[in-house]
Q: 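Got a structure here, written out as structure tokens. Questions coming.
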Protein chains: 2
Amino acid sequence: MNPKLTLRDQKKEATAYALSVAAFELALVHGMDGFIVDDVVRQAGVSRRTFANYFSCKEEAVAEYFMNRATSEDENDLLAHLAPDATPLDALYSLLKLQFTSEFLRRLRQFASLANQYPSLEPYILSVFRRLQMAAQEVLERFTHGRYTDGYTHLLAGAVYGAFVPILDGRLNVLLPGESQEDRPGSVSFDQYLNSMFDYLRNGF
Amino acid sequence: MNPKLTLRDQKKEATAYALSVAAFELALVHGMDGFIVDDVVRQAGVSRRTFANYFSCKEEAVAEYFMNRATSEDENDLLAHLAPDATPLDALYSLLKLQFTSEFLRRLRQFASLANQYPSLEPYILSVFRRLQMAAQEVLERFTHGRYTDGYTHLLAGAVYGAFVPILDGRLNVLLPGESQEDRPGSVSFDQYLNSMFDYLRNGF
DNA sequence: CATATTTTTGCCCAAAGTGCAAAAATGCTC
DNA sequence: GAGCATTTTTGCACTTTGGGCAAAAATATG
């Protein structure tokens, strides 16, 4: 619950969230074609019509579950606590740590696996990444006070999130803390991937 | 028409293409909520049921129009004609020139503008970029013969296409050859953007 | 507590999505 | 090019979805 919102908006958020949770769970258990919107609303305890007020399809509801709930206060905090000599890359790195928690990555893997099974989901998982990228763009813009006008922030934010896309189709197999390499052959730890990414960014390709 | 395909597959491609053209044109003229699937199939000269064989919704049909028709022969050509001392960045640059023709950019701008007006389209325009990115990933992988195992190709391909995303919401205003800066205030030529992008890639951020 | 605003809901109907089987088109072989 | 096998298109029937509208419920304001 975000206390910055009015009670009304808190309830709206809660409703959307309940619907998205129900949709994601049903998708995991039954597959995208194993449930209908009526099932979602039954599980979330709202009317069929209300679902349509929030989402235009099941896929959108599932994706909503992944739309970042990092508040703008979190971002304010982040910017305030950076070292005085921090670079834009440092700011970006901090944000990535905030966004890609182990828990988020764990669920994202489930979502990605669903999306590979049900192509109708693919466009919607991309929109999750887009949302994250826009937040990064915003943070970079604030951090640099609009100092760069040549697309630097666009490019930097784009680079990082673009590089995550291979997670989606399993070409990049992320190993989470607590998992062993034997369980997931060919996997790379997220931190390791992130670090090699930032090496390239710092030093050029 | 791709002569590598059987006649059957050529016809299938033609059908999908006709449907996508009709969908895109109707969307431009009437807006996404100003036409229905029946209108599309009437214009394309196929049955309602056939539409469903190809696409799961209007949005998908519109996006199909932008799915790159650069063949794998084009990519073979590209790889064959690179200078002997070409770097992966050079290969990527050539591919971008192949994918982002002026004509493609011109249409993409129309699509982006539609997607801003009709949020239901947004996920689908992202999938167009994803398709382009996957082609680049493929080319880089072939060019480097799998020499890099640390995510270099993923990261590089991701960087470039990620950086294009701001085109989508109009934050990055692309000026095409033949247009004047006065017509599109705040615009940047695509080539210019591409070059500054590659400067960063070469030299680090 | 009374009133204004916003959200939820039910009702209704147009539109969309899909399994199935017949019909049409295509590919292949002789 | 005639005949047979394979694939695609189509029509039909039916469930599911999407969204306008107005009444009802919930929330905000003062």
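Every chain is numbered from 1 and lettered A, B, ... according to where its sequence line falls, protein lines coming before strand lines.
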Q: Take the protein atom CG of B:Asp33 and the nucleotide atom P of C:dA15, then report the distance between them rounded to whole Å.
A: 13 Å

Q: Set out, in order, the CA-CA distance, both residues' side-chain angles and the distance that settles side-chain contact (heavy atoms from CB on, under 4.5 Å) for B:Phe205 and A:Leu155, then state yes or no.
A: CA-CA 9 Å; B:Phe205 285 79; A:Leu155 186 55; 3.9 Å; yes

Q: With a 4.0 Å cut-off, would you call B:Arg42 and B:Asp39 a salt bridge?
A: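 A salt bridge is present here (some side-chain N lies under 4.0 Å from a carboxylate O).
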
Q: Please determine if B:Lys97 and B:Asp191 form a salt bridge, counting it only when a charged side-chain N lies under 4.0 Å from a carboxylate O.
A: yes

Q: How close or far is atom C1' of C:dA15 from atom CZ of B:Phe55, stated in whole angstroms?
A: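 In whole Å, C:dA15 C1' and B:Phe55 CZ are 18 Å from each other.
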
Q: Send over the distance from A:Gln10 CD to C:dT6 P, rounded to a whole Å.
A: 18 Å

Q: Distance alone, cut at 3.5 Å: any donor-acceptor contact between the side chains of A:Asp90 and A:Thr87?
A: yes

Q: Rounded to the nearest Å, what distance is computed from the CD atom of residue A:Glu13 to the P atom of nucleotide D:dA26?
A: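 Those two atoms, CD and P, are 21 Å apart.
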
Q: Nucleotide by nucleotide, 5' to 3', does protein get under 4.0 Å of the base (B), only the sugar-phosphate (S), or neither (-) in nucleotides 9-16 of chain D, counting heavy atoms?
A: BBBB---S

Q: According to the interplanar angle, ranging from 0 to 90°, do the rings of A:Phe104 and A:Phe100 count as parallel (below 30°), tilted (30 to 60°) or perpendicular (above 60°)?
A: perpendicular

Q: Roughly, in whole Å, what's the span from OH in B:Tyr118 to P in D:dG19?
A: 13 Å

Q: Please determine whether a side-chain nitrogen of the Lys or Arg among A:Arg130 and B:Asp169 lies less than 4.0 Å from a carboxylate oxygen of the Asp or Glu.
A: yes

Q: Hey, is A:Arg131 close enough to B:Glu122 for a salt bridge, meaning N to O under 4.0 Å?
A: no

Q: Give the rounded distance in Å between these two atoms: NZ of A:Lys58 and P of C:dG17.
A: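 The distance from NZ of A:Lys58 to P of C:dG17 comes to 12 Å, rounded to the nearest Å.
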
Q: B:Tyr193: which residues meet the ring-ring contact (aromatic ring centres under 6.0 Å, His included) condition with it, sequence neighbours left out?
A: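 Testing B:Tyr193 for ring-ring contact (aromatic ring centres under 6.0 Å, His included), a comparison that skips the adjacent residues, returns none.
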
Q: Within the sub-3.5 Å range, which N or O atoms of nucleotides 3-5 of chain C have a protein N or O partner, and how far apart are they?
A:
unit_1: C:dT5; atom_1: O2; unit_2: A:Arg8; atom_2: NH2; d: 2.8

